[in-house]
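Contents: one structure, followed by commentary.
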Amino acid sequence: IKPDEEELRAALSNLITGLTESAPPNQASPWNLTSYPCRDHWDGVACDNRNSLRNITLDGLKLSGNLNASFLCDVQSIAASLTVMSLKDNNLQGESLAEIANCRQLTRLYLGGNRFNGSLPDSFLRLNNLKVLDISSNNFSGTLPDLSRISGLTEFSAQNNQLSGFLPSFEFSNFHTFNVSNNNFSGPIPSGGDRFPASSFTKNDQLCGPPLPNSCPSASSDSSDKPKGGYSKDEILTFLGYFLLGLTVLLATIVFLCRRCKKAEAKVEADSRVASVDDSISKQIYAPSNFKTGPVSKSDYSTASGESAVVPSSLIVLSSPEVSGIRFENLLKAPAELLGRGKHGSVYKVFSEEMGMILAVKRIKDWTISSYDFKQRMRRLDRVKHPNILPALAFYSSNQEKLLVYEYLQHGSLFNLLHGTQMGRTFDWSTRLDVAASIADGLAFMHQELREDGIAHGNLKSSDVLLTQNMEPYISEYGLVLDSQDPSLAGSDNSYQGNGEHLNRAIFRADVYAFGVILLELLTGKLVQSDGLDLASWVVSVVREEWTVEVFDRTLIREGASEVRMVNLLQIAIKCVNRSQEARPSMNEIAAMISTLKEEEDKSMDDASALISTSIYERSP
Ligand SMILES: Nc1ncnc2c1ncn2[C@@H]1O[C@H](COP(=O)(O)OP(=O)(O)OP(=O)(O)O)[C@@H](O)[C@H]1O
């Protein structure tokens, strides 16, 4: 028995004990808690071949009491694998469902037909793999979090609750089931809602617009808006418009005048700050190192390293409240550890006492970008956020030096997981597929948003994919340096070929190549370059010889992962590493292909779990 299954048994025992405490004796636990959940096939429990929990189905078992989701979702091995949780038609209650959000792999969550109350936790927005959410027939109240942000949601059932407020602006065309009837929702139904019948929205007194028969009151038409002897809504809006216009002009003038004053002041202040920062740097460089770990000297990431540093600016904090007020000088003083030295610079783990947090500081060397362009680029990147892209918290730029500050993610990179320490984590097929899908989503999103700016990742490798405890990937260092393993992009001098539109396209297609290499690493478990082995050419040649199965990671074969879907993913990878850029698909196309594969995988797991649930009902009296 793997230690994980012990852990799983303990978690499920805690869960079920809490929910059956007040049940009559014949309603006690459906499980024999001295046996093992996966090996002994507990009713309603579906595991994969590695004995990790995939689905838990406890519908209609008269369970009661407070659901404590942390028993399951705070256990890393469970959170990393659980995709379906179904607790329908019991007597469960409890306001604190927030911990369910730690089960980040959930695709289907059924809580309908219970007595849950309070508002739906905002933390549910973190469940970005969710496809089905059923909270119907409970006592939920308050407004809904903006569930329209969960882009994969296709079924939402929330009828028969006391939910109120406006409906989030759902993209209804993605949904095949939608029901919010019999609540207290108000305001207009977002556009596209008329794909569903009125019965999906009825019994919400204040809800209006198609498909409901009552149209929404128009802001301007109704003359009864005009109170006796007063002003109509139109008139009030016009006055308000003039007033705001006047206010804007006034504010703009004040801001303009202040800026002029500040510029003059800043010049004086900058001179003194430069002097003081220079002073602190030179003191530190020549002082003995106070780093706690690692053979790092501060000059490794300070600006000076022998140049009599001219520091034109302090650290620029981006839109991160966590690090506001951070100072470059204090970063230099903090204890640091060298994490790695790459082609383009080094990364340090820095403990910032000032912030009370651990940071990863990347020092980029020899990037010829001007300070101005660098700042523009960083600010542009800061405006594009995706849950799988690690944002920079702050940066520093001088002519000699560029520093980037990120949150330090302690659970290591995809590279470490595949080729180094696994830190007790399993990395089964479906988790690999999830990781691939999330990276593809993140890249597709960034490519779409930053296409016109010509900012691709530029240097994607499995060491840039950092994982959280729940195996959620974050791509770091997006948009920092132009470099690529893509053989079709680099010229003999490693410079980029072409110009204008062609170059722009090539830069994005180079990311596609790099992503293909990551897929190959996930599938083969092999290093990109080990003893001269070029992974992409090796895989292509093996496949050409029709020995496809030979390429897959043996642990995947042992696990019994679906060969069909592994081959499908391999085909996508091979398209990505095509030597001709033009023949490669776009990241959007790739993300869609992988998402379809993931759906097939989830469906096959659901079918397995449906078989198990059927057997529960067959066995119950
Ligand atoms: N935010 C972070 N949190 C934790 N570890 C990080 C973070 N950023 C980078 N690392 C780790 O630091 C190490 C060095 O990173 P770096 O990006 O310099 O390596 P590289 O990708 O091999 O180099 P280069 O990008 O310069 O070619 C890698 O192991 C990486 O996983």
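All of these numbers come straight from a predicted model, not from anything done at the bench. Numbering of ligands and ligand atoms starts at 1, following listing order.
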Check: [Y] main-chain N/O paired with [X] side-chain donor or acceptor under 3.5 Å:
X	Y	result
D464	K461	yes
E559	W429	yes
R584	R509	yes
D511	H457	yes
N68	S70	yes

Residues [X], [Y]: salt bridge by 4.0 Å N-O rule:
X	Y	answer
K526	D553	no
E477	K362	yes
R505	E582	yes

May I ask you to check if ligand 1 and [X] share an N or O to N or O distance below 3.5 Å?
X	result
K362	yes
S476	no
L409	yes
S346	no

Within the 4.0 Å heavy-atom shell around [X], which atoms of ligand 1 are there?
X	answer
S413	31 (O)
D464	17 (O), 21 (O)
V347	9 (C), 12 (O), 14 (C), 15 (O), 16 (P), 17 (O), 18 (O)
N459	24 (P), 25 (O), 27 (O)

Taking heavy atoms and a distance under 4.0 Å, where does [X] meet ligand 1: side chain, backbone, both or neither?
X	value
L390	side chain
E477	side chain
A360	side chain

For atom 20 (P) of ligand 1, tell me which residue out of H411, R341, K461, E407 has the closest non-hydrogen atom.
K461

For the rings on F351 and Y408, is their centre-to-centre separation under 6.0 Å?
no

Does ligand 1 have any atom sitting under 4.0 Å from a heavy atom of L480?
no

